[in-house]
Amino acid sequence: MTLTFESRYLRSNQTVSVVLPDMPRHLDPAAFYAAQQDLKVVWLLHGTFGDHTDWVRKTNVERYAAAKGVVLVMPSALNSNYANWSGFSLGYDMHDHLVHELMPLVHHWLPVSPRREDNFVAGLSMGGRGTVKLAASHPDLFAAAAVLSAAPVDLSGLTHEQLTASTDPMTQRLRGMVDNAGGLDAFLASDENVWRVIDEQVAAGTSLPRMLFACGADDALIHDNLLAFRDHAARIGLDAEFWVEDGYAHEWPFWDLAIRRAFEFFGLPDAETNPF
């Protein structure tokens with residue numbers, strides 16, 4: 001299913017891909033579609049340069065979802081890092097769109113459950129960053145999260161001069177996020193600083209979603225991202241699972257494997273499926 005609607009928070013039309021479970025062949029269509037089903041839903045986020053079609057075009061996630069009887073919701077987010085960019089054009093507040101617009105739309109217009117225990121979030125690369133921010137900032141909305149090829153980054157030791165002088169693409173991207181927040185101090189104090197948010201949530205004893213962090217062993221980002229955060233998570237007592245797979249880099253073959261692993265981590269039961 002493809003949904004296109006005008007978004008109040010993005011100030012433009014937004015297109016979202018949705019995968020709904022197959023109807024078992026022995027059921028009557030009228031009765032099946034009339035029933036209130038309260039299906040489980042996975043909010044599935046794309047990476048940099050991607051859109052709402054990426055996951056379906058480049059992995060077998062639709063088949064995996066059908067085997068679990070789960071709904072997939074895949075929004076487009078440009079290269080926003082799933083953050084609010086109120087100063088861009090007329091305003092492009094992607095985080096608020098997800099939480100305050102798309103989730104209510106899906107929960108009330110489609111046969112899915114709004115309960116925390118039935119909602120899961122996963123994403124790759126940039127979408128992994130969006131995933132961990134949603135899980136940390138809105139722990140009441142999701143039962144579990146799968147962060148693929150991404151992890152929170154600690155910027156507290158950087159200076160504005162270091163951010164400005166670096167020509168590294170990742171650092172330049174971080175600088176854009178910092179500038180969008182109003183400067184380094186404002187960024188560190190904001191919800192975009194997921195490293196700090198998780199620290200505070202753990203210290204407060206907040207019941208966070210169960211978290212899976214997964215990365216290919218040959219991913220160039222693994223040392224400064226996933227492994228650094230894995231060590232930090234152990235120090236603060238964050239209950240999270242970390243999985244590194246040999247032979248994979250920052251690539252779709254890994255994300256196809258990882259989303260299957262994520263579905264198992266979520267505890268999604270097998271569904272009744274069609275014979276072909």
Side-chain angles (χ1 to χ4, degrees), residues 1-3 5 14 16-24 27 31-46 52 55-56 59-77 82 94-124 127-128 130-148 198 201 206-214 238-241 243 255 258-274:
M1 177 184 294
T2 301
L3 300 176
F5 58 96
Q14 167 74 331
V16 179
S17 290
V18 178
V19 172
L20 296 170
D22 295 329
M23 177 182 66
L27 296 182
F32 175 79
Y33 292 121
Q36 181 172 342
Q37 300 187 49
D38 280 344
L39 298 168
K40 298 179 186 296
V41 55
V42 175
W43 304 85
L44 194 53
L45 309 184
H46 67 77
H52 65 101
W55 275 103
V56 170
T59 74
N60 290 311
V61 70
E62 181 174 358
R63 185 160 56 85
Y64 307 150
K68 296 295 185 180
V70 69
V71 174
L72 303 178
V73 179
M74 295 164 283
S76 285
Y82 298 90
M94 189 65 205
H95 179 83
D96 287 351
H97 162 70
L98 290 174
V99 174
H100 302 302
E101 186 170 43
L102 184 58
M103 293 188 75
L105 185 159
V106 170
H107 285 152
H108 295 290
W109 281 17
L110 295 178
V112 305
S113 169
R115 295 186 295 272
R116 179 191 193 237
E117 60 266 29
D118 296 328
N119 281 260
F120 309 87
V121 60
L124 66 91
T131 293
V132 71
K133 182 192 171 185
L134 285 168
S137 300
H138 303 280
D140 57 315
L141 297 181
F142 306 101
V147 183
L148 312 180
I198 288 180
Q201 295 282 41
T206 302
S207 178
L208 290 168
R210 294 186 302 113
M211 294 187 193
L212 169 68
F213 291 86
L238 174 66
D239 184 14
E241 180 176 321
W243 166 49
W255 299 322
I259 196 61
R260 295 184 71 181
R261 174 73 172 264
F263 284 3
E264 297 302 325
F265 175 78
F266 292 161
L268 300 173
D270 292 335
E272 179 180 6
T273 58
N274 289 328

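Hydrogens, waters and symmetry mates are skipped; everything else that's a heavy atom, side chains included, is used. Since the model is a prediction, treat every value here as computed from it, not as a measurement. In this chain, numbering begins with 1 at the start of the sequence shown.
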Residues in side-chain contact (heavy atoms from CB on, under 4.5 Å) with A144, at least two apart?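 If we apply the side-chain contact (heavy atoms from CB on, under 4.5 Å) test to A144, skipping adjacent residues, the hits are F120, R210, F265, F266.
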Which atom of [X] lies closest to which atom of [Y], heavy atoms considered:
{"X": "P75", "Y": "Q14", "answer": "CB-NE2, 4.0 Å"}
{"X": "G128", "Y": "V147", "answer": "O-CG1, 3.4 Å"}
{"X": "G69", "Y": "A271", "answer": "N-CB, 3.3 Å"}
{"X": "T131", "Y": "A122", "answer": "OG1-C, 3.1 Å"}
{"X": "S17", "Y": "H52", "answer": "OG-ND1, 2.6 Å"}

Please list every donor-acceptor pair under 3.5 Å in which a side-chain atom of residues 32-45 meets a protein atom from a residue at least two apart or in another chain.
from	atom 1	to	atom 2	distance (Å)
Q37	NE2	F32	O	3.2
K40	NZ	D118	OD1	2.8
W43	NE1	N119	OD1	2.9

Evaluate the side-chain proximity of [Y] to [X]: yes if any heavy-atom separation is below 4.5 Å, no if none is.
{"X": "M74", "Y": "V19", "answer": "yes"}
{"X": "L98", "Y": "Y82", "answer": "yes"}
{"X": "L3", "Y": "L105", "answer": "yes"}
{"X": "V56", "Y": "L72", "answer": "no"}

Applying salt bridge (Lys or Arg N to Asp or Glu O under 4.0 Å), can you list everything that pairs with D270, at least two apart in sequence or on another chain?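 Salt bridge (Lys or Arg N to Asp or Glu O under 4.0 Å) check on D270 returns K68.
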So, using salt bridge (Lys or Arg N to Asp or Glu O under 4.0 Å) as the criterion, who are the partners of E117 when residues are at least two apart?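 Here the qualifying residues are R115.
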For the CZ atom on R116, are there more than 12 heavy atoms of other groups (residues, nucleotides or ligands in this structure) within a distance under 6.0 Å?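 Yes.
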To the nearest 0.5 angstrom, please state how far the [atom1] atom of [X] sits from the [atom2] atom of [Y].
{"X": "M103", "Y": "H97", "atom1": "CE", "atom2": "NE2", "answer": "11.5 Å"}
{"X": "D239", "Y": "L208", "atom1": "CG", "atom2": "CG", "answer": "9.5 Å"}
{"X": "T59", "Y": "R260", "atom1": "OG1", "atom2": "CZ", "answer": "11.0 Å"}

Looking at W55, is its backbone amide N or carbonyl O close enough to the side chain of H46 to form a donor-acceptor pair, meaning the two atoms are under 3.5 Å apart?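 A pair under 3.5 Å: no.
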Checking H100 side chain against D96 main chain: does a donor-acceptor pair fall under 3.5 Å?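 Judged by distance alone, no pair lies under 3.5 Å.
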Got a list of side-chain donor-acceptor pairs under 3.5 Å for residues 135-142, not counting sequence neighbours?
from	atom 1	to	atom 2	distance (Å)
S137	OG	K133	O	3.1
H138	NE2	H95	NE2	2.9

Full working for side chain to side chain contact (heavy atoms under 4.5 Å, CB included) between L124 and I259: CA-CA 9 Å; L124 66 91; I259 196 61; over 6 Å; no
Would you sort out whether V61 and W255 count as a side chain to side chain contact (heavy atoms under 4.5 Å, CB included), showing the intermediate values? CA-CA 10 Å; V61 70; W255 299 322; over 6 Å; no
Using the side chain to side chain donor-acceptor pair (under 3.5 Å) criterion, which residues pair with E62? Sequence neighbours excluded.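 Scan of E62 (side chain to side chain donor-acceptor pair (under 3.5 Å), adjacent residues dropped) gives none.
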How far apart are the C-alpha atoms of V71 and L110, what are their side-chain angles, what is the distance that settles it, and do they pass the side chain to side chain contact (heavy atoms under 4.5 Å, CB included) test? CA-CA 10 Å; V71 174; L110 295 178; 5.5 Å; no
